[in-house]
Amino acid sequence: LNPEFRLLALAYPVHLIAPVRELVAKKGTYYVLVYRQPGSGEVQFIDLSPWLAFTVEQLAQGNPLSALLAFAPSLNLTDISSLQKDTLVFLQQMQQQHFVMGFKP
């Protein structure tokens, strides 16, 4: 993973909604991946689902994707095949956007 990142848990979707008055009605739990692109230094903000936030956090700690998928049923995620496919698509997209530096599917 790109070493210059932060995973944020927010109570309001400040990364998605600009007018402050609209934020009050949107209180909840939001996950945002913030990272700096190598070379340009441009900062990226990526809205994440709880699963993808968990995935990024676990991969950053060195846990393999297979271990995360094995843990998914305890999070009430039962369609492991779709989850694996969608997670791999996300990781490939993040590789194209220079957050994931490389991985083996």
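Note that this is a predicted model, so its numbers are computed, not measured.
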Point to revise | Note, Ile46 side chain near Phe99 side chain (heavy atom, < 4.5 Å) | key: no
Practice item. Please examine the side chains of Leu88 and Leu65, heavy atoms only from C-beta on, and report whether any two atoms are closer than 4.5 Å. Key: yes
Review point. Step by step, would you call Tyr35 with Gln37 a side-chain contact (heavy atoms from CB on, under 4.5 Å)?
Key: CA-CA 6 Å; Tyr35 69 96; Gln37 284 196 332; 3.9 Å; yes
Review point. Taking it one step at a time, do Phe45 and Leu8 satisfy side-chain contact (heavy atoms from CB on, under 4.5 Å)?
Key: CA-CA 10 Å; Phe45 296 83; Leu8 307 175; 5.8 Å; no
Check your understanding: What's the spacing between Glu57 CD and Leu48 CG if we round to 0.5 Å?
Key -> 11.5 Å
Practice item. Could you check Trp51 against Leu68 for side-chain contact (heavy atoms from CB on, under 4.5 Å), going step by step and ending with a plain yes or no? Key: CA-CA 10 Å; Trp51 169 256; Leu68 291 130; 4.0 Å; yes
Point to revise | Pairwise distance OG1(Thr78) to CD1(Ile80) - rounded to 0.5 angstrom | key: 7.0 Å
Study note, to complete from the structure: dist Gln92:CD -> Thr87:OG1 (nearest 0.5 Å) comes out at 11.0 Å
Revision key, fill the gap. Taken to the nearest 0.5 Å, the spacing of His98 NE2 from Arg36 CZ works out to 15.0 Å
Revision key, fill the gap. When rounded to the nearest 0.5 Å, the distance separating CZ of Phe90 from CD of Gln97 is 8.5 Å
**Study point:** Verify same cluster id: Met94, Val89 (apolar side-chain graph, 4.5 Å)
**Key:** no
Point to revise | Spacing of CD belonging to Gln95 relative to CG belonging to Leu1, to within rounding of 0.5 Å | key: 11.0 Å
Check your understanding: So, for Leu83 and Ala72, which heavy atoms are closest and what is the spacing to 0.1 Å?
Key -> CD2-CB, 3.6 Å
Review point. How close do Tyr30 and Pro13 get, heavy atom to heavy atom, and via which atoms?
Key: CE1-CD, 3.4 Å
Check your understanding: Passes side-chain contact (heavy atoms from CB on, under 4.5 Å), Phe54 versus Leu75? Steps please.
Key -> CA-CA 11 Å; Phe54 173 74; Leu75 299 172; 4.2 Å; yes
Practice item. Decide yes or no for Leu33 and Leu52: does some side-chain heavy atom of the first lie under 4.5 Å from some side-chain heavy atom of the second? Key: no
Point to revise | Min side-chain heavy-atom separation Met101-Pro38 under 4.5 Å | key: yes
